[in-house]
Amino acid sequence: MLTNRQLFLPYIAPYLAYVGIASIPSEYLPVEFNYLFRIITVLSLLCWAWRWYSPLKGPRSPWVSTLVGAGVGFIGMVIWVALLAPFVSTDDLQPWSSHAFFLRLLGAGLLVPVFEELMMRGFVFRLAFQWDHARKTAKGRPLNIALDERSVNDVPPGSWSWLAIIFSTLVFTSGHTMQEWPAAVAFSLLMAFLWVQRKDLVACITAHAVTNITLAVYVLSTGNWQYW
C-alpha cells in the first residue's frame, strides 16, 4: 500500500492540471479550447491515477447515496447563490457562447465533482484525520507519521474529526475567489456532513455535480452570469 506522501501526486494532479490550464490567458488559448484542453488532460490524469484511489462506494447503498446526494446538491446550489449574492456585481455580463457554455457545463458538471471530491474528501480530509489521530496517539512528528506511515485508503468510510473538517474546509475555500469564501465554507461543510452520514464519496460527488449543473441552469435561465 502506498503511503500518503506517495499518494499525494495521484490525488492532487488532476486539480493542479485543471487550475493550471484555467490560468492560461484567453489571448493565448481561447476559452473553448481552454475547456477542451482541461477536459482531455484531466480525464487522462484520472485514468492514469484511478488504480491508486480509494473506492467511491462505502458500506451503504450507492443508489440511496446518489438520491441523497442529488437532494443535498440542490440545497447546495441554493446556499451558494444566497451566500454569493451580497458580493457579486449587479452589472450585466456578456453571456458565454453556446460552445463555451456546453464545454464548461461538461467540465464543471461531470469532471470537477469527481477530481475535487477525490482530492478534498478522498485525500485532504482523510489525511487531516490521520494527522489528528497521530497527534493524539503517537510520539514524534504527527504530520510526518501521517505522510510516511499512513495511507488515506485505509481510513474507514465516514471517519472524521474536527481538525479534518476545519482543515479540508480551509483548503477547499482557498481554491475560490474571496467573494466566494462564505459560500465555499458552507458547501465544504455540507460535503463533510455527507461524507460522515453516507460514509462514501458517491454522495459527495453526486451532490457536487448536481450543485454545479443546477447552478449552470440557473445562470442560463436568469442571465445572472456573475454567479458562474
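Reckoned from all heavy atoms, side chains included, excluding hydrogens, waters and symmetry mates. Everything numeric in this text was worked out from a predicted model, so none of it was measured.
By the criterion of side-chain heavy atoms lying less than 4.5 angstrom apart, applied directly or through intervening Ile, Leu, Val, Met, Phe, Trp or Tyr residues, Tyr15 is not grouped with Ile21; the two fall into different hydrophobic clusters. Two different hydrophobic clusters hold Val196 and Leu170 under the rule that ILVMFWY side chains link at heavy-atom gaps under 4.5 Å. Side-chain heavy atoms closer than 4.5 Å link hydrophobic residues (I, L, V, M, F, W, Y) into clusters, and following such links, even through other members, never connects Trp162 to Val155.
For the pair Trp195 (side chain) and Ser159 (backbone), a donor-acceptor distance under 3.5 Å is present. Panel note: side chain Glu180, backbone Thr177; a donor-acceptor pair is recorded below 3.5 Å. In this structure, Ser23 contributes its side chain and Gly20 its backbone to a donor-acceptor pair below 3.5 Å.
Contact of the Ser151 side chain with the Thr3 side chain is not registered, since no non-hydrogen atoms from C-beta on lie closer than 4.5 Å. Taking 4.5 Å as the limit, every side-chain heavy atom of Asp200 sits out of range of all side-chain heavy atoms of Pro157. Annotation: side chain of Ile39 is not in contact with side chain of Tyr18 (no heavy-atom distance under 4.5 Å). Phe123 is listed as a side-chain neighbour of Leu7, based on a closest heavy-atom distance under 4.5 Å.
His176 and Phe172 have tilted rings, their planes meeting at an angle from 30° to 60° on a 0 to 90° scale. Between Tyr11 and Tyr53, the ring-plane angle classifies as tilted under the 30° and 60° cut-offs.
Screening residues 42-71 for salt bridge (charged side-chain N to carboxylate O under 4.0 Å, His left out), with sequence neighbours left out, gives no hits. Evaluation of the salt bridge (charged side-chain N to carboxylate O under 4.0 Å, His left out) test over residues 112-126, restricted to residues two or more places apart or in two chains, returns Glu117-Arg121.
Put simply, CG on Leu16 and OG1 on Thr41 are 13.0 Å apart, with the number rounded to the nearest 0.5 Å. Rounding to the nearest 0.5 Å gives a distance of 8.5 Å between CG of Leu194 and OG of Ser65.
With sequence neighbours left out, the side-chain contact (heavy atoms from CB on, under 4.5 Å) criterion links Leu220 to Phe101, Trp225. Contacts of Trp63 classified as ring pair (Phe, Tyr, Trp, His ring centres under 6.0 Å), with partners at least two apart in sequence or in another chain: none.
Salt-bridge check for Asp154 with Arg150: failed, with every basic side-chain N at 4.0 Å or more from each acidic carboxylate O.
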Pair Ser97-Glu32, side chain to side chain donor-acceptor pair (under 3.5 Å): steps then yes or no: CA-CA 9 Å; Ser97 69; Glu32 292 87 351; 3.0 Å; yes

Cut-off 3.5 Å, no hydrogens considered: what does the side-chain donor-acceptor table look like for residues 103-114, sequence neighbours left out?
from: Arg104; atom 1: NE; to: Tyr35; atom 2: OH; distance (Å): 3.2
from: Arg104; atom 1: NH1; to: Trp228; atom 2: O; distance (Å): 2.8
from: Arg104; atom 1: NH2; to: Trp228; atom 2: O; distance (Å): 3.2

For residues 66-82, please give each side-chain donor-acceptor pair under 3.5 Å, one per line with the distance, not counting sequence neighbours.
from: Thr66; atom 1: OG1; to: Pro62; atom 2: O; distance (Å): 2.8

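Counting heavy atoms of neighbouring residues, nucleotides and ligands inside a 6.0 Å radius, atom CZ of Phe33 does not exceed 12 of them. For Trp181, the CH2 atom counts as loosely surrounded, since its 6.0 Å shell holds 12 or fewer non-hydrogen atoms of other residues, nucleotides or ligands.
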